[in-house]
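Report on one structure; see the data block that follows.
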Amino acid sequence: MAEKQIEIELKLRIDPKHVSRLKQAPVLREVKEGRRLLTTHLVSIYHDTPKLSLARKGLALRVRKKGTKGWEQTVKASNGMREALPERHEWNVELPDGVLDLDKFTDEDVVALLDKHAKKKKIDRIFETDLKRSAVDLTYRDAIMELAIDQGVVRTAEKESPLSEVELELKEGHPAALFDLALELQRTVPLFLSLRSKASRGRALYLNEVPGFYKAAPGGLDAGMSAETAFRAVLAQGLRMILGNEVCVREDLHIEGCHQMRVGMRRLRVAFNLFKKNLPQGEAVLIRRLLKQCTKALDGLRDWDVFLNETLPMVEERFPDHPGIADLRKAAAKQREAALATAREMLESFEYQQLLLLLGAWSSYSRWASGADASQMKAMSASVTKLAEPLLSRAYKRLTKRGSDVGSLTVPQLHALRLDVKQMRYGSDFFGEVYDGKPAKKFRKELATLQEILGWLNDVAVAEARLMALKPQLSKDGMVAIGLISGWFGARADHRLQGLDQAWKKFEKQKLFWK
């Protein structure tokens, strides 16, 4: 084995109860070509400084025992991110025993990395993985890859966490084959895209990190990018928002996690709508449908979270001793439990699994181009600024037409305006990085004010509709509380509508930063 390699792999989470069925998947019987899955006991010991300074530089340092085949020492270094397909430089050398020895490496690149980041530093054993790996080489659609099923634990000196995942590592060919095979396997057993490496799991365990919610980070767009590169960066950002907040919903850890996961899905829906004319039909239509379906499954949970944690506390403060408020809270909490169950059911669904893999594929390589015509290929290969200008102009024209007489809009019309504001806001977020900072920031600031007001008015409409569903569960006091809340909503809504007119006038005065 060469000391230096480039590793490209797709990681998938799998429930241990489905592993035996995965091994019998029809597609695997076809592509194994008579080869058998070979099981090896792997113990991997990860090293770093006590403050994990190597990891912060994108380096992973590992010593691994491979069954009876002896020891191997590895350094991995990030080589960029195709989002769902981490691409890393990897250096491997054999060891006579399990004792870390950085002097064994001879490749100039890794020696330079270690001299810069590890030399004269205290390197300790931080955590280890102990697992059984069942692996086989496959030939699938002109690509050669290794399928590995890992079952075991990640452990530190004090605790451990179970690990169950599938890795598809590309040896030769195009990354598309990894996703195509994963999508086929997904029809046999539930498989969930994962962006977390074993090293990141071990570091989180070592640091005793508590999962938190994840908000959108800058997409990293710049004016030198092609439209395709920018589009894929936007998809990658949305995928990170979904997967970064999934645990909050799955384990009911933080209500902001549901909100941010939903925002990630909505941002992706906006991205697909903005680029709609430049994408072929087919998979793009499927992804939009899956995004809509999965977002809808989170709506109830978010609505009840807003009511219980934002709306109701304000009402309780206004009517502190009203006996019906407690009755109302109890009934709403039961509805939230049902909504949480619906959200969790979505997270286990085939549609969600499929959505994650398709987003991973679209953000990792030019999968969108399958079926694209010449004009679409030309548009997506142009600079991002050339494409962004007409996209933003169309969104702005639609928004200003709908909001031209904002003070006279009905509730349904205000809802439609809110959706247009949201599309304009997210479009400005996506492309604002490639234009001059100050005008873009000012434009987005005024949009955010509009979105906040319209969002509050929508929350009122949604809360009133949700409250109607509580009536059969409420006492007379609870019914009276609904009346009090409706009156309170009405008074606040009148005040907000006045603020909407002022916010719209300020927005109309903003310079169009893309012109």
Side-chain angles (χ1 to χ4, degrees), residues 216-238 241 263-280 284 287-288 291 362-363 368 372 375-406 409 413-455 500 503-515:
L221 274 62
D222 62 66
M225 282 184 171
S226 68
E228 181 206 1
T229 303
F231 176 62
R232 283 170 48 190
V234 168
L235 298 190
Q237 182 190 60
M241 290 189 72
V263 168
M265 290 181 178
R266 288 187 164 185
R267 287 168 69 94
L268 287 169
R269 288 175 66 184
V270 168
F272 274 93
N273 285 333
L274 285 171
F275 282 85
K276 187 175 180 179
K277 292 185 178 180
N278 301 305
L279 301 173
I287 292 173
R288 286 201 299 271
L291 282 167
W362 277 58
S363 62
W368 68 272
S375 63
Q376 290 169 332
M377 295 293 286
K378 182 178 180 181
M380 293 294 271
S381 63
S383 70
V384 61
T385 50
K386 186 174 181 180
L387 187 67
E389 183 173 335
L391 293 182
L392 292 171
S393 293
R394 280 199 298 269
Y396 183 77
K397 183 179 180 181
R398 182 169 55 250
L399 171 59
T400 50
K401 181 179 180 181
R402 196 183 300 277
S404 57
D405 190 11
V406 72
L409 296 183
Q413 289 170 332
L414 285 171
H415 175 68
L417 178 65
R418 183 179 68 88
L419 296 180
D420 285 342
V421 168
K422 187 175 293 184
Q423 180 146 311
M424 188 81 250
R425 166 79 187 281
Y426 291 157
S428 300
D429 285 349
F430 297 154
F431 300 119
E433 293 178 84
V434 304
Y435 293 94
D436 181 55
K438 288 185 178 179
K441 286 180 180 178
K442 189 80 166 56
F443 188 89
R444 297 207 304 269
K445 180 183 176 183
E446 300 306 331
L447 264 178
T449 301
L450 276 176
Q451 188 178 359
E452 191 274 331
I453 295 171
L454 290 165
L500 176 62
W504 181 262
K505 289 176 181 177
K506 286 188 70 176
F507 168 68
E508 282 188 309
K509 295 177 182 178
Q510 298 309 304
K511 177 183 177 182
L512 304 187
F513 63 86
W514 61 90
K515 291 290 189 179

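Values below: all heavy atoms of this structure, side chains included; hydrogens, waters and symmetry mates excluded. It should be emphasised that the depicted structure is a prediction, and the values quoted were computed from it without experimental measurement.
Once rounded to the nearest 0.5 Å, the distance linking CZ of R418 with NE2 of H415 reads 5.5 Å. From L417, atom CG reaches atom CE of M424 across 13.0 Å, with rounding to the nearest 0.5 Å. The CZ atom of F507 sits 5.0 Å away from the CG atom of L399 when rounded to the nearest 0.5 Å. The structure places OG1 of T385 at 11.0 Å from CG of L392, a figure rounded to the nearest 0.5 Å. Atom-to-atom distance recorded for S404:OG and L409:CG is 7.5 Å, nearest 0.5 angstrom. The CG atom of N273 sits 10.0 Å away from atom CG of L291, with the distance rounded to the nearest 0.5 Å.
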Side-chain donor-acceptor contacts of residues 442-452 below 3.5 Å, not counting sequence neighbours, with atom names and distances?
{"unit_1": "K442", "atom_1": "NZ", "unit_2": "E446", "atom_2": "OE2", "d": "3.4"}
{"unit_1": "R444", "atom_1": "NE", "unit_2": "D429", "atom_2": "OD1", "d": "3.1"}
{"unit_1": "T449", "atom_1": "OG1", "unit_2": "K445", "atom_2": "O", "d": "3.2"}
{"unit_1": "Q451", "atom_1": "OE1", "unit_2": "R425", "atom_2": "NH1", "d": "2.8"}
{"unit_1": "E452", "atom_1": "OE1", "unit_2": "R496", "atom_2": "NH1", "d": "2.9"}
{"unit_1": "E452", "atom_1": "OE2", "unit_2": "R496", "atom_2": "NH1", "d": "3.0"}
{"unit_1": "E452", "atom_1": "OE2", "unit_2": "R496", "atom_2": "NH2", "d": "3.4"}

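Classification of the F231-F272 ring pair by plane angle, with boundaries at 30° and 60°, yields perpendicular.
Under the side chain to side chain contact (heavy atoms under 4.5 Å, CB included) criterion, D222 pairs with M225, sequence neighbours left out.
Pairs of residues two or more places apart, or lying in two chains, never qualify as salt bridge (charged side-chain N to carboxylate O under 4.0 Å, His left out) while including a residue from residues 384-397.
Listed for the Q510 side chain is a donor-acceptor partner under 3.5 Å among the backbone atoms of K506. In terms of modelled atom types and a separation under 3.5 Å, the side chain of E228 and the main chain of M380 share no donor-acceptor contact.
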Residues Y426, V263; criterion side chain to side chain contact (heavy atoms under 4.5 Å, CB included); working and verdict: CA-CA 10 Å; Y426 291 157; V263 168; 3.8 Å; yes
Step-by-step side chain to side chain contact (heavy atoms under 4.5 Å, CB included) determination, L391 to F431: CA-CA 10 Å; L391 293 182; F431 300 119; 4.1 Å; yes
Trace of the side chain to side chain contact (heavy atoms under 4.5 Å, CB included) decision for L268 with Q237: CA-CA 9 Å; L268 287 169; Q237 182 190 60; over 6 Å; no
Steps toward side chain to side chain contact (heavy atoms under 4.5 Å, CB included) verdict (V270, L274): CA-CA 6 Å; V270 168; L274 285 171; 3.8 Å; yes
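Minimum heavy-atom separation, S226 to S381: CB-O, 3.9 Å. Closest approach of L387 to A227, counting heavy atoms only: CD2-CB, 3.3 Å. The shortest non-hydrogen separation linking V384 to A230 is CG2-CB, 3.5 Å. The heavy-atom pair separating S363 from L235 by the smallest distance is CB-CB, 4.1 Å. Nearest heavy atom pair, residue W368 against residue N278, reads CZ3-O, 4.0 Å. In terms of heavy atoms, Q376 sits closest to K277 at NE2-O, 3.4 Å.
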